[in-house]
Amino acid sequence: MVATEQGLQTLVHETGGWVASQLEACTRCGMCAEACHFYQATGNPEYAPVWKVEVLRRAYEQRFTPVGRFKSLIGLEKKITDQDLEHWSKLNYYACTVCNKCALVCPMGIDLGSLLHGVRAGLSAAGVVPDELMAAVNKQVEEGSPLGMTDEVWDSRLEWVADEWEEDIPRDVKGADTLVVFSSIEVMKFPTNIAAIAKILNAAGEKWTVSSKAREVVNFGFYEGSEEHTKLFLSRILEGARDLGVKRIVVTECGHAYDALRWHAANWLPEANDFEIIHITGVLGELVSSGRIQLKPGFFDDKGTLTFHDACKIQRKGGHIQEPRDILNILAPNAFKEMTPNREEAICCGGGGGVIAIKDADPIRYAAFELKIDQVNKVGAKTVTMTCSNCRLQFTNSVEHFGLDWKITSLVQMVADAMID
Ligand code: SF4
Ligand code: SF4
């Protein structure tokens with residue numbers, strides 16, 4: 001009960017004037033439900049976005065409104081219990097990727113994504129974060145990486161990538177312009193991304209470096225909803241950047257990490273504003289449009305239909321919508337076909353927000369991915385490319401689960417493969 005009280009205090013703390021106005025503005029029209037891939041895939045009304053934030057609304061109503069206090073007094077509304085918080089933990093961590101598509105359709109303009117983060121903050125304070133997610137957070141606190149990217153693993157991966165692909169990876173270079181920060185998903189699961197990015201930046205003549213100190217950009221504290229942990233992981237990156245004296249930080253293919261570092265760090269940690277923080281997709285766009293790297297036109301045109309999956313945090317939130325399309329229209333002007341819906345309205349992969357780290361969420365995650373299967377099949381694509389390693393992990397895992405004959409790749413990989421020497 002003590003933990004529940006802490007959770008409730010945090011929910012109440014989250015309820016400043018802005019949150020209160022958002023909660024009051026909700027008309028309960030239910031339109032957000034249809035936007036949520038978990039609701040669409042299962043028809044479970046508890047997966048409606050408005051219901052996922054209900055626990056925050058109740059905490060606010062019971063604490064701050066006369067009607068809520070009166071209803072609690074006469075027993076019309078029950079106090080929030082441990083069981084309630086555990087129930088909302090499942091709704092929010094298993095069946096929400098914080099993709100924020102629901103906010104796009106809300107006629108009242110309610111920013112559901114921010115409210116859902118507020119709910120996670122309360123659940124985290126109450127100690128009801130799913131065990132596997134919390135284990136990854138603790139690993140990141142203690143070892144610096146949620147996926148076990150220790151000093152030894154980092155060193156051996158970089159050496160292997162440098163040897164295998166014969167690319168120079170500058171390490172801990174003081175005075176470099178650009179610090180490149182990778183996610184452990186890339187380092188552990190998709191190391192060819194490191195080689196691809198090295199090839200691209202070396203060819204462009206960029207003065208760049210990686211950092212031994214600021215090498216893990218994945219932020220499991222952000223998934224958890226803990227401001228303390230999110231800030232701790234963000235500050236490790238910012239300290240590493242400051243030590244090297246770089247001007248900008250390039251986040252590689254990880255959407256949630258980009259969201260945390262690009263948008264939240266600026267509000268929480270003033271030193272973040274000393275750096276330009278940009279996603280690698282934006283860098284690719286700059287390098288291609290300025291001619292600093294050149295691509296072989298039509299390089300992928302004879303390899304079958306390909307499509308592009310928009311990542312919620314990089315395209316919908318980050319705004320890097322046009323660059324991938326400009327690049328794919330050079331690389332595969334005939335083979336590239338858009339899924340529907342796409343761009344801001346794209347359907348989430350279903351694995352973000354920490355969902356893929358929770359084994360018990362697998363059935364819901366796979367159900368959500370079936371929407372993606374429909375989308376891809378409708379354009380007849382056998383290759384799907386994207387700009388987020390978390391999406392890529394969800395795609396590769398789900399392709400295996402469903403026995404699909406798709407090739408899953410990344411935009412940086414395609415660019416690196418099709419560069420004119
Ligand atoms: S669409 Fe907006 S107003 Fe309607 S129920 Fe959802 S959050 Fe409330
Ligand atoms: S943020 Fe995305 S996953 Fe979460 S409730 Fe909204 S639409 Fe559903």
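Each residue takes its place number in the sequence, starting with 1. In what follows, every heavy atom counts, from backbone to side chain, and hydrogens, waters and symmetry copies are set aside. When a ligand or atom number is given, it counts from 1 through the structure's own listing order.
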- Query: Is the count of non-hydrogen atoms from other residues, nucleotides or ligands lying under 6.0 Å from E345 atom CD greater than 12?
  - Reply: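 Incorrect, the count does not exceed 12.
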- Query: Once you round to the nearest 0.5 Å, how far does CD1 of I293 lie from CD1 of I200?
  - Reply: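 Reported value, rounded in 0.5 Å steps: 5.5 Å.
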- Task: Begin from the C-alpha positions of T305 and T383 and carry the test side chain to side chain contact (heavy atoms under 4.5 Å, CB included) through to its verdict.
- Result: CA-CA 7 Å; T305 302; T383 302; over 6 Å; no
- Query: Quick check: does C29 put an N/O/S atom under 2.8 Å from atom 8 (Fe) of ligand 1?
  - Reply: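 It does not: C29 brings no N, O or S atom closer than 2.8 Å to atom 8 (Fe) of ligand 1.
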- Shell of residues surrounding ligand 2, defined by a 4.0 angstrom heavy-atom cut-off that is strict: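 Contacts of ligand 2 under 4.0 Å: C36, H37, F38, P49, K52, C96, T97, V98, C99, N100, C102, L116.
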May I ask you to decide if [Y]'s main-chain N or O and [X]'s side chain share a donor-acceptor pair within less than 3.5 Å?
X	Y	result
E34	M31	no
D84	T81	yes
N390	C254	no

[X] heavy atoms, cut-off 4.0 Å: which ligand 1 atoms fall inside?
X	value
G30	4 (Fe), 5 (S)
R28	5 (S), 8 (Fe)
M108	3 (S)
P107	1 (S)

- Query: H279 vs Y258 aromatic rings, parallel, tilted or perpendicular, using cut-offs 30° and 60°?
  - Reply: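 It falls in the perpendicular class, over 60°.
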- Message: Looking at E239 and R242, is there a salt bridge between them, counting it only when a charged N and a carboxylate O are closer than 4.0 Å?
- Response: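 Here R242 does not pair with E239 in a salt bridge, since their nearest N and O are not under 4.0 Å apart.
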